[in-house]
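Working notes, structure below.
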Amino acid sequence: MADTGADQLDDTIVSEPLDLVRLSLNERVFVKLKGDREIRGRLHAYDSHCNLVLSDVEETVYVMDDEEADLKTIKKQSEMLFVRGDAVVLISPPTQS
Amino acid sequence: MATSQLLPLELVDKCVGSRIWVVMKTDREFSGTLLGFDDFVNMVLEDVTEYDNLGNQTHLEKILLNGNNICMLIPGGEPGGEAGSE
Amino acid sequence: MNNGTAESPFSPSAEKSETLSNNPSAFLSQITGAKVAVKLNSGVEYRGDLQCVDGYMNIALEQTEEYVDGVLKNQYGDVFIRGNNVLYISSI
């Protein structure tokens with residue numbers, strides 16, 4: 001909750017990188033993870049390790065099919081999930097991306 | 001009493017302003033002029049050549065190299081041969 | 001200022017680094033707001049306007065393009081990059 005100190009902080013100013021994540025709270029975000037995984041979902045919570053809690057999640061896993069040498073995509077849906085921060089590569093608010 | 005032992009970071013400090021060869025933990029190397037560094041041995045390098053695992057070379061004007069994945073620093077060295085200058 | 005020998009003999013306060021303003025934090029303030037390339041350990045490269053960097057080398061970029069093997073693969077408005085993945089930040 002915004003106390004007076006937080007009020008002074010212009011909500012749109014990004015003075016440290018994690019502010020970008022803070023500004024994405026309750027928005028749908030795109031998260032790139034290690035191991036060729038991508039996640040889109042609504043960001044509920046995060047911490048300084050980039051541990052994340054997301055809801056209405058679509059996870060995409062890219063796998064090389066050895067036999068056909070194709071790039072296959074596997075999609076999974078989850079209502080709610082927790083992402084351990086060390087798997088996170090990138091977080092982006094999904095504005096036209 | 002001062003010892004003559006050279007601390008590792010003192011060696012790095014002596015390299016400031018001169019060419020340096022950086023070997024990463026992964027199969028990647030950099031050579032460039034060392035402009036500065038910090039306690040984590042994050043380094044600012046100028047006139048850099050990046051050598052990747054496939055032998056490709058990329059020239060970079062000026063970079064901040066993350067110290068986390070550095071394996072080895074070689075003062076004055078260049079990948080693929082000894083630096084010839086005296 | 002204290003005598004400073006105990007804590008960090010190689011801190012930015014060393015005259016050499018100061019005058020050349022070439023220690024990592026000085027370099028970062030030089031390039032903040034400018035267009036940069038961020039290369040990750042995976043080899044993926046992000047090009048965009050550098051908003052800020054923190055002590056973990058977490059990075060915020062604006063108007064970001066993602067290059068895989070030198071080929072433009074994606075564009076993002078804003079991007080947060082977790083610092084442990086960063087290989088280097090380059091001015092371009």
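What you see is a predicted model, and the numbers here were worked out from it, not measured in a lab. We name chains A, B, ... by the order of the sequence lines, and we start the count at 1 in each one.
- Using a 4.5 Å heavy-atom cut-off against chain A, the contacting residues of residues 82-92 of chain C are Arg82(C), Asn84(C), Asn85(C).
- Heavy atoms closer than 4.5 Å to chain A are found in both the backbone and the side chain of Ile81(C).
- Between Pro17(A) and Cys52(C), the closest heavy-atom pair is N-SG, 3.4 Å.
- For the residue pair Tyr62(A) / Glu38(A), a side-chain donor-acceptor distance below 3.5 Å is found, with atom types taken as modelled.
- Here the shortest heavy-atom pairing between Asn22(C) and Gln30(C) reads OD1-NE2, 4.2 Å.
- Of the two parts of Val21(A), only the side chain, counted from C-beta on, holds a non-hydrogen atom closer than 4.5 Å to a non-hydrogen atom of chain C.
- With a threshold of 4.5 angstrom between heavy atoms, Ile91(A) approaches chain C through its backbone and through its side chain.
- Neither the backbone nor the side chain of Asp19(A) comes within less than 4.5 Å of any heavy atom in chain C.
- Partner of Phe80(C) under the side-chain contact (heavy atoms from CB on, under 4.5 Å) criterion, out of Leu90(A), Val14(A), Leu18(A): Leu18(A) alone.
- The side-chain hydrogen bond (donor to acceptor under 3.5 Å, both in side chains) test with Ser55(A) is passed by exactly one of Arg28(A), His44(A), Arg42(A): His44(A).
- Within the 4.5 Å cutoff, side-chain heavy atoms of Val83(A) are placed close to those of Val88(A).
- Both the backbone and the side chain of Val79(C) come within contact range of chain A, with heavy atoms under 4.5 Å apart.
- Listed here is the closest heavy atom pair of Thr32(C) and Leu28(C): OG1-O, 2.6 Å.
- Within a 6.0 Å sphere centred on CD of Glu79(A), other residues, nucleotides and ligands contribute 12 heavy atoms or fewer.
- Around NE2 of His49(A), the count of heavy atoms belonging to other residues, nucleotides or ligands within 6.0 Å does not exceed 12.
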Test log, rule side-chain contact (heavy atoms from CB on, under 4.5 Å), inputs Asn26(A) and Leu43(A): CA-CA 5 Å; Asn26(A) 298 315; Leu43(A) 181 64; over 6 Å; no

Step-by-step side chain to side chain donor-acceptor pair (under 3.5 Å) determination, Asp78(C) to Gln51(C): CA-CA 9 Å; Asp78(C) 286 315; Gln51(C) 297 191 63; 3.1 Å; yes

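- Of residues 66-74 of chain C, those residues lying under 4.5 Å from chain A by any heavy-atom pair are Glu66(C).
- Leu81(A) pairs with exactly one of Leu52(A), Val57(A), Val53(A) by the side-chain contact (heavy atoms from CB on, under 4.5 Å) rule, that one being Val57(A).
- Heavy atoms of Tyr56(C) lying under 4.5 Å from chain A are absent altogether.
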